[in-house]
Amino acid sequence: MLKNNETTAGRTDNLPETISPAATRLGDRQPKTHEMNPYDTEEFRTFLAPETNRHDWICQWLTKHDIPHSTIPTGNQLHILVEFPKENYDERYKLKTVLAHYDRLCIGANDNSSCVYQILHWILRLKENYKKEKTHNLYIIFTDGEELGVGKSNEKTGVLGIASLLNRSELKESDVFAIDSCGRGNTLIVSSAGKENGTLKFKTRFKDLYDRAIELAKFSCGDDWLTMPTFYGDNAGCILVGIPSVAITVLPKEEAVKYMRSLQRFPNLYEKMMNHILTGEEQNALPLTWQMMHTKEDCIENLTDESWPLMEKFLDGLAKVKSR
């Protein structure tokens with residue numbers, strides 16, 4: 001299991017001095033939502049249906065919208081690569097790789113159906129806004145098998161297979177972002193997970209990517225972002241093969257602040273969380289959103305519409321940013 005011993009968050013300014021006690025029972029407190037929920041559509045509900053073949057659903061959606069794509073198998077996993085015209089790439093700038101897993105446990109509305117749906121609509125904006133004269137240098141891969149790592153060594157996840165393929169391609173030098181569970185909340189989270197791993201060269205490369213992810217969060221989301229250690233996901237496979245990868249997620253601000261303070265209250269909280277040995281009190285110190293994962297509470301009713309424009313801004317910003 002990868003470890004990250006960082007126990008303090010990188011941004012604490014402009015946060016309230018005190019917050020209300022966070023819920024310790026699923027469903028006690030829900031972030032405020034507006035009257036309309038962009039996830040509450042027949043299309044998204046079909047994607048969430050237990051009988052849906054999610055690989056085929058994504059491929060059919062892309063085909064319907066004339067988006068070229070291909071399936072990349074690794075073992076029993078089927079990953080989906082979105083293909084953009086060559087005019088969208090400029091070799092003077094770094095490539096950017098976006099990973100989002102489409103496999104799930106239980107309903108999986110937030111983890112990770114919300115991100116897949118957000119990114120699909122982002123792809124439509126990219127198609128419209130980036131014609132032949134514009135470049136974004138993006139590769140987007142919907143990955144399979146991430147949830148195989150739950151409670152196990154991340155070496156067993158399907159994303160290790162895709163990460164190994166990336167490591168044998170030009171994408172090993174790209175900026176890799178793992179987008180996970182971004183459908184609930186109003187605060188973008190730039191994960192620091194991975195900062196303490198690897199060689200000095202890896203740490204230097206990770207810090208460079210992490211610092212630029214922070215700048216991107218500032219540019220695209222204003223004050224609506226924080227940084228803290230989170231669970232590993234698609235980024236785990238990349239880190240294991242030596243490719244720096246920063247995970248992006250979303251939380252309600254109150255839950256994020258409570259978790260940051262819990263990291264100070266329980267010095268070993270993050271390490272115990274990663275090793276799945278939390279006590280009841282420590283479990284309740286985690287964000288309620290995370291407690292919902294892999295349960296029936298991770299449902300469409302617990303998604304919040306405020307996450308949609310937040311991720312639109314971040315993803316559109318990611319397309320615009322150019323690094324050398």
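What's counted below: heavy atoms across the whole structure, side chains too, no hydrogens, waters or symmetry copies.
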Inset, instruction - Any chance you could measure Cys106, atom SG, to Lys296, atom NZ, to the nearest 0.5 Å? - result: 9.0 Å
Inset, instruction - Among Lys86, Lys94, Arg92, find the one that has a salt bridge (Lys or Arg N to Asp or Glu O under 4.0 Å) with Asp90. - result: Arg92
Inset, instruction - State whether the side chain of Arg184 and the backbone N or O of Leu251 hold a donor-acceptor pair below 3.5 Å, judged by distance alone. - result: no
Inset, instruction - Examine Ile141 and Leu124 and state if one hydrophobic cluster contains both, with Ile, Leu, Val, Met, Phe, Trp and Tyr joined whenever side-chain heavy atoms are less than 4.5 Å apart. - result: yes
Legend entry - Any side-chain heavy-atom pair of Ser307 and Asn186 under 4.5 Å: no
Inset, instruction - Taking all non-hydrogen atoms of both residues into account, name the closest pair between Cys221 and Leu310 and its distance. - result: SG-CD1, 3.9 Å
Inset, instruction - Indicate yes or no for a side-chain donor-acceptor contact from Asn112 to the backbone of Tyr102 under 3.5 Å, with no hydrogens or angles considered. - result: no
Legend entry - pair Asn302-Glu297: side-chain heavy atoms closer than 4.5 Å: yes
Inset, instruction - Ignoring hydrogens and angles, tell me if any N or O in the side chain of Thr74 forms a donor-acceptor pair with the backbone of Gly161 under 3.5 Å. - result: no
Inset, instruction - Just say parallel, tilted or perpendicular for the rings of Phe44 and Tyr39, cut-offs at 30° and 60°. - result: tilted
Legend entry - Gly108 backbone acceptor or donor facing Ser113 side chain under 3.5 Å: yes
Legend entry - OH on Tyr93 to OG1 on Thr135, rounded to 0.5 Å: 7.0 Å
Legend entry - Donor-acceptor contact below 3.5 Å, side chain Thr71 vs main chain Ile80: no
Legend entry - Ring geometry between His121 and Trp308 (parallel below 30°, tilted from 30 to 60°, perpendicular above 60°): perpendicular
Inset, instruction - Evaluate the ring planes of Phe177 and Phe314, with Trp represented by its six-membered ring, and classify them as parallel (under 30°), tilted (30 to 60°) or perpendicular (over 60°). - result: perpendicular
Legend entry - Heavy-atom pair with the smallest gap, counting every atom of Asp66 and Lys127: CB-NZ, 3.5 Å
Inset, instruction - Answer whether the closest heavy-atom distance between the side chains of Arg125 and Glu312 falls below 4.5 Å. - result: yes
Inset, instruction - First locate atom CD1 of Ile58, then atom CZ of Phe142, and finally report the distance between them rounded to the nearest 0.5 Å. - result: 6.0 Å
Legend entry - Side-chain donor/acceptor of Asn88 to backbone N/O of Asn137, under 3.5 Å: no
Legend entry - Spacing of Met293 atom CE and Leu286 atom CG [to the nearest 0.5 Å]: 10.5 Å
Legend entry - Minimum heavy-atom distance Ser181-Cys115, with the two atoms named: N-SG, 3.3 Å
Legend entry - Short side-chain to backbone donor-acceptor contact, Lys96 and Val321, under 3.5 Å: yes
Inset, instruction - Step by step, work out the side chain to side chain contact (heavy atoms under 4.5 Å, CB included) result for Thr97 and Ile243. - result: CA-CA 11 Å; Thr97 303; Ile243 301 175; over 6 Å; no
Inset, instruction - Over all heavy atoms of both residues, which pair between Asp56 and Asn53 is shortest? Give the atoms and the distance, please. - result: N-OD1, 3.0 Å
Inset, instruction - Assess the side chains of Asp111 and His294: does a donor N or O sit below 3.5 Å from an acceptor N or O? - result: yes
Legend entry - Residue pair Leu263 / Pro229, side-chain heavy-atom distance below 4.5 Å: yes
Inset, instruction - Start with the C-alpha gap between Val250 and Ser114, add the side-chain angles, then the distance that decides, and say whether side chain to side chain contact (heavy atoms under 4.5 Å, CB included) holds. - result: CA-CA 11 Å; Val250 169; Ser114 61; over 6 Å; no
Inset, instruction - Tell me, with the steps shown, if Glu147 and Arg104 meet salt bridge (charged side-chain N to carboxylate O under 4.0 Å, His left out). - result: CA-CA 6 Å; Glu147 297 292 8; Arg104 58 177 169 175; over 6 Å; no
Inset, instruction - Spell out, as yes or no, whether a donor-acceptor pair under 3.5 Å connects the side chain of Trp225 to the backbone of Leu188. - result: no
Legend entry - Ionic contact status for Lys253 with Asp224, cut-off 4.0 Å: no
Legend entry - NZ on Lys313 to CG on Leu318, rounded to 0.5 Å: 15.0 Å
Inset, instruction - Using the side chain to side chain contact (heavy atoms under 4.5 Å, CB included) rule, take Met292 and Asn110 through it: C-alpha gap first, then chi angles, then the decisive distance, then the call. - result: CA-CA 9 Å; Met292 290 178 174; Asn110 188 33; over 6 Å; no
Legend entry - Lys218 bridged to Glu215 by N-O distance under 4.0 Å: yes
Inset, instruction - Looking only at non-hydrogen atoms, find the nearest pair between Gln77 and Gly145 and report the distance. - result: CG-CA, 3.8 Å
Inset, instruction - Could you tell me whether the side chain of Asp40 and the main chain of Ile300 form a donor-acceptor pair under 3.5 Å? - result: no
Legend entry - Thr52 side chain to Arg54 backbone, donor-acceptor under 3.5 Å: no
Inset, instruction - Taking the six-membered ring for Trp and the full ring for Phe, Tyr or His, determine whether the centres of Tyr270 and Phe231 are under 6.0 Å apart. - result: no
Legend entry - Closest non-hydrogen atom pair, Val190 against Ala217: CG2-CB, 3.9 Å
Inset, instruction - Report yes if the side chains of Tyr130 and Glu87 come closer than 4.5 Å at any heavy-atom pair, otherwise no. - result: no
Inset, instruction - Before accepting this row, confirm whether a basic side-chain N of the pair Lys320/Asp316 lies closer than 4.0 Å to the acidic partner's carboxylate O. - result: no
Inset, instruction - Would you please classify the geometry between the Tyr259 ring and the Trp290 ring as parallel, tilted or perpendicular, with 30° and 60° separating the classes? - result: perpendicular
Inset, instruction - Quick one: pull up CD in Glu196 and CZ in Phe202 and give me the separation to the nearest 0.5 Å. - result: 10.5 Å
Legend entry - Sidechain N-carboxylate O distance under 4.0 Å for Arg265, Glu282: no
Inset, instruction - Flag the pair Leu95 / Asp175 as yes when at least one side-chain heavy-atom distance between them is below 4.5 Å, and no otherwise. - result: no
Legend entry - Over 12 foreign heavy atoms within 6.0 Å of CG, Asn76: no
Legend entry - Residue pair Asp234 / Thr143, side-chain donor-acceptor N/O under 3.5 Å: yes
Inset, instruction - For Lys134, look at atom NZ and say whether over 12 heavy atoms of other residues, nucleotides or ligands are found less than 6.0 Å away. - result: no
Inset, instruction - Quick one: sort the Tyr210 and Phe206 rings into parallel, tilted or perpendicular, breaks at 30° and 60°. - result: parallel
Legend entry - Ser192 vs Met228 side-chain heavy atoms within contact, under 4.5 Å: no
Legend entry - Side-chain touch Val98/Tyr139, heavy atoms, less than 4.5 angstrom: no
Legend entry - Within 6.0 Å of NZ in Lys172, more than 12 heavy atoms from elsewhere: no
